[in-house]
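First comes the structure, then the notes that go with it.
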Amino acid sequence: MKTSIRAFIVIQLLCLGGQAQPRPAADLIITNAKVWTVDRDHPAAQAVAVLDDRIVAVGAGAEVEAWRGPGTKVIDAGGKLLLPGFNDAHVHLVSGGSQLDAVQLTDAASPEEFARRIGERASKTARGEWIVGGDWDETKWDPAKLPSKELIDRLTPDTPVFVYRYDGHLGLANSVALRLAGVTAKTLDPPGGVVVRDGKGNPTGILKDAAMDPVYRVMPALSHEQRVRVVKRALAHAASLGVTSAQDMNPDYADIAVYAELAQHGELSTRLYVAPYITGFEDQAKLGIRHAFGGPFLRMGAVKAYSDGSLGSSTAYFFEPYLGQPNNHGLLSDEMHPVSLMRERMLKADAAGLQICTHAIGDQGISIILDLYTDVETAHGDADRRFRIEHAQHMAAKDFDRFARLHVIASVEPYHAIDDGRFAEARIGHDRCSRTYAFRTFLDHGVRLAFGTDWDVAPLNPLLGLYAAVTRATLDGKNPNGWFPQQKLTVAEAVEAYTMGSAYAEFQEKEKGSITAGKLADMVLLSDDIFTIAPEKIREVKVEKTILGGKLIWDAASPPAN
Ligand SMILES: [Zn+2]
């Protein structure tokens, strides 16, 4: 199929200037657009023609119009901004989909509403399947009183329920769930946990912190059908946000099986690159799967490693201690004990041709990974291996040069900057924060950026990421002119990191990442021109249309039912 399209393109080129010969008409033409191509040779255009799943022409209206035939579908963009589809370099697709698929309780304004939603969900839930999630918030109720199992037991006689408070530190179990977990009046409070009891000493259903563990232990893993369902939820969400490609970190193998099944049925509407745990690198190595192996919808051949923890939990690993905690430098991950074992894994994974992506957040956590990457390069010589550091949050000043020299990709999430920016200085002080989410410094050193979200840790919406990178305005409103504003990016730089940058990070810069003839026709039409509106308005911009491989998979004018 593709060969024949290429052949047609060649025929067309040969005939330029000659007399008319049959050439295929475009399947789709987008006209009257402000096209920002992210193609440095031809940054701007007005129209795009698509044949099958590829872009065949990009240019002025008249040039592209020549591709129109009787069957060509035409989208008049009304002068709006057309960008390449967004490529999220770091997501957790199944967690994200699970969150979307869960019963939604955050805005339940009363205990009655809370119970009604759970009851409604139970009536649609297969027998024996759990109802989990919810993220409820009793402070929105009057009086603000924790719920008890009696509120929902009658509505859920056969359905185990365990719904969490939004902070994740406590949950409400119904009687079915308590029975399965073996929690009774006789259950003692575990260290670090509380089983809340009524006047007679019976559990009310509220379990705090470590007391939740017995419930987690009996909660079943997702079934194949559930996994298919949550992946479909995630894909629909991605389409509505213009995310046409995503790089899935730490999937279970069962997740990849679902992606493969959907891809085979033509239902995978986000192009995925998957990076399972490095601890299982031998599985891919045995099959001889190398980086970016697969097809346009599903690729593998990457592995994901962990260096350290996170800033939020004070476990990111630093050279200097956390402020006010002289003995806490953070923690290396269990995969790093000992570091020599991680080196060995990386050497073997690299020898097998796998791409290595490592979560590293604290400056020392990052530095050690750069040491290991250096060891791999020294042992195996120069190659286009595209090492990645995921998050790359807090850089030591001495490491920017090394980062660039090793051609390491900084796979970063700008939304985390405006989120962590609320509390980072209190944890690690001003100096270290000046090299935190240091996107400008990375670019100045010639480091390639790939943008992502870490969804479901942060929202999947790319416009929020662009907003964050361009404004660096923290979520608490305290830095309207930008938190460390010298690290702000321009809109063009941020868009490039979210498209070409992410495509490069998965070895696909020749296939996607820009609106260029020959590339996959993945594009988004935005409600507003992010290049000209006030930067603080970027977060309000919506995706009006998402086109994947030439097909319209999201249209805000006619969103899918449910
Ligand atoms: Zn992550």
Side-chain angles (χ1 to χ4, degrees), residues 92 94-141 144-198 201-227 229-230 233-234 252 254-255 456-457:
H92 302 281
V94 168
S95 316
S98 300
Q99 196 187 50
L100 293 174
D101 195 55
V103 60
Q104 306 293 319
L105 300 172
T106 311
D107 60 345
S110 66
E112 293 73 34
E113 177 67 12
F114 169 89
R116 192 185 63 71
R117 290 190 192 179
I118 292 171
E120 211 168 73
R121 186 60 174 242
S123 69
K124 292 185 215 148
T125 299
R127 208 185 154 82
E129 200 175 295
W130 285 62
I131 294 177
V132 295
D135 292 328
W136 48 271
D137 179 4
E138 85 291 354
T139 65
K140 292 177 177 156
W141 307 345
K145 198 169 148 259
L146 289 175
S148 70
K149 64 183 187 326
E150 284 72 29
L151 195 57
I152 54 171
D153 269 350
R154 196 174 41 81
L155 301 165
T156 55
D158 306 308
T159 307
V161 176
F162 191 55
V163 286
Y164 327 120
R165 191 171 189 273
Y166 75 97
D167 63 1
H169 285 283
L170 56 87
L172 174 70
N174 69 348
S175 289
V176 182
L178 289 176
R179 197 160 58 237
L180 289 170
V183 176
T184 67
K186 295 194 188 105
T187 305
L188 301 175
D189 288 351
V194 178
V195 177
V196 177
R197 296 158 209 273
D198 64 18
N202 292 315
T204 66
I206 294 286
L207 304 172
K208 295 189 175 176
D209 288 315
M212 302 196 283
D213 292 350
V215 181
Y216 287 132
R217 274 198 289 275
V218 296
M219 238 183 236
L222 289 178
S223 68
H224 182 73
E225 290 67 32
Q226 286 172 312
R227 227 176 272 270
R229 191 174 76 208
V230 303
R233 287 294 295 259
D252 290 344
D255 301 341
D456 60 331
V457 179

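For the 3.5 Å distance criterion, the side chains of Glu113 and Ser110 fail to qualify, holding no donor opposite an acceptor.
Judged by distance alone, with hydrogens and angles left aside, the side-chain atoms of Trp136 form a donor-acceptor pair with the main-chain N or O of Tyr164 at under 3.5 Å. A side-chain donor-acceptor contact under 3.5 Å links Lys149 to the backbone of Pro203. Using a distance-only test at 3.5 Å, with no hydrogens or angles considered, a donor-acceptor pair links the side chain of Asn174 to the main chain of Val161. Formation of a donor-acceptor pair under 3.5 Å by the Arg165 side chain with backbone atoms of Leu170 is not found in this model. At least one donor-acceptor pair under 3.5 Å links the side chain of Asp153 to the backbone N or O of Ser175. Side-chain N or O atoms of Trp141 include none that pairs as donor or acceptor with a backbone N or O of Glu112 at under 3.5 Å. A donor-acceptor pair is defined here as one N or O able to donate and one able to accept, closer than 3.5 Å; no such pair exists between the side chain of Arg217 and the backbone of Ala181. Side-chain atoms of Trp130 do not come within 3.5 Å of backbone N or O of Met219 as any donor-acceptor pair.
Under the 4.5 Å side-chain criterion, counting only non-hydrogen atoms from C-beta, Thr204 is not in contact with Pro147. Between Thr125 and Thr156 there is no side-chain heavy-atom pair separated by less than 4.5 Å. Looking at heavy atoms from C-beta onward, Ile152 lies in side-chain contact with Phe114 at the 4.5 angstrom threshold.
The side-chain contact (heavy atoms from CB on, under 4.5 Å) test with Asp189 is passed by exactly one of Leu207, Val195, Val196: Val195.
Within a 6.0 Å sphere centred on CZ of Arg116, heavy atoms belonging to other residues, nucleotides or ligands number more than 12.
Here the CD atom belonging to Gln99 is positioned 12.0 Å from the NE2 atom belonging to His92, to the nearest 0.5 angstrom. We find the CG-OG1 distance between Asp135 and Thr106 to be 4.5 Å, quoted to the nearest 0.5 Å.
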